[in-house]
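Indexing begins at 1, ligand by ligand and atom by atom, following the structure's order. Note that the structure is a prediction, hence the values are computed from the model and not measured.
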Amino acid sequence: MKIIHDITEMQQFCADVRQRGKKIGFVPTMGALHEGHLKLVDEARRCCDLVVVSIFVNPTQFGPQEDFEKYPRNLDADAEKLAPRGADVIFNPSASDMYPKNCVTTIHVVSITEGLCGAHRPGHFDGVAQVVTKLFNIIGPCTAVFGRKDYQQLQVIKRLTTDLNLPVKIVGMPTVREPDGLAMSSRNAYLSPDERPRALAIARALTDAHALFSNSAELATIENHIQKALIHSFDTIDYITLADADSLAPFPADSDYPSRALIAVAARIGGTRLIDNTVLGEDAPPIQR
Ligand code: PAF
């Protein structure tokens, strides 16, 4: 497995691979890899000839008060996890190469970025759109694989790719969970032993939401149930949103009962912000009871 830091070298390497008629599968990450990331690598490996994984903690998607500085970074440990899964190349550029001082171009996806995390992390999706577009241009993948745990991010990237005619297929893979149901996340490492069991309230509440949805409970009742279930375990709830799973828009009051609906949650325990979601009527419940 090669590790490439230089942008021009990466661009040249990928151009040569494409020249030889090989398909590049790409998994963008910020490192601190867990099984959720490795499942994305498995999918890229399955559908493409060469797998590139980027490891880059992107400064432009973090707000000033967020965890950019403390975000876990361990390239050697990540490389050890990637090699046995068949990744061919790690792309690990520096922030100063990705964003030279004269870089002033941003990308703003409207509408689907306005609610959920977009409302609580101003500028976050501009940073994601910017870095993902740059990475696509450097690597030129045929397929890029993202996790559905970052559901809004996945929709933003699908929109961006369609709107800008980027020649890459976007694949979304199911959220990978710990045996007890907690969605895997690099940020779970911030949870203290006391906080870790409290974090499970989200997966439990989303599982309850599936049962309520199957019984055609009012959408407001489902949201209220989740609110009540989280209030004791979490210090702050950023949002609990039930929305159309494609547009991410709330359902109008007079709409028919939906056949599928996204329920997405962001909540904080101490300094740790966790997100999770499930599509009612489509996904399996997070916890099998
Ligand atoms: O999901 C992430 O880890 C990041 O948002 C991404 C897509 C790698 C862009 O920095």
N/O separation below 3.5 Å, Asn58 to ligand 1: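 Looking only at distances, the answer is no, because the N/O contact criterion of under 3.5 Å is not met.
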
Smallest separation among heavy atoms of Ala209 and Ile226, with atom names: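 Minimum heavy-atom contact is CB-CD1, 4.0 Å.
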
Please list the nearest protein heavy atom to [atom] with its residue and the distance rounded to 0.1 Å.
| atom | value |
| --- | --- |
| atom 9 (C) of ligand 1 | Gln61 OE1, 3.3 Å |
| atom 5 (O) of ligand 1 | Gln153 OE1, 2.7 Å |
| atom 3 (O) of ligand 1 | Met30 CG, 3.6 Å |

Numbered atoms and elements of ligand 1 in range of Pro28, under 4.0 angstrom, heavy atoms: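 Heavy-atom distances to Pro28 below 4.0 Å select 8 (C).
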
Numbered atoms and elements of ligand 1 in range of Val131, under 4.0 angstrom, heavy atoms: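 With Val131 as reference, the close atoms of ligand 1 come out as 9 (C), 10 (O).
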
Centroid separation Phe26 to Phe146 less than 6.0 Å: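 No; Phe146 has its ring centre 6.0 Å or more from that of Phe26.
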
Ile90 and Ile4, any side-chain heavy atoms less than 4.5 Å apart: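 A side-chain contact is absent here, since even the closest heavy-atom pair is not under 4.5 Å.
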
Under 3.5 Å donor-acceptor, Glu80 side chain and Ala77 backbone: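 Flag not set: sc Glu80 to bb Ala77 has no pair under 3.5 Å.
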
Residue that, paired with Val265, satisfies side chain to side chain contact (heavy atoms under 4.5 Å, CB included) out of Asp238, Thr241, Leu230: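 The single option meeting the side chain to side chain contact (heavy atoms under 4.5 Å, CB included) with Val265 is Leu230.
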
Part of Thr29 within contact of ligand 1 (heavy atoms, under 4.0 Å):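 Contact part for Thr29 vs ligand 1: backbone (N, CA, C, O).
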
Between Thr60 and Gln130: side-chain donor-acceptor atoms closer than 3.5 Å: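 Side chains of Thr60 and Gln130: pair found under 3.5 Å.
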
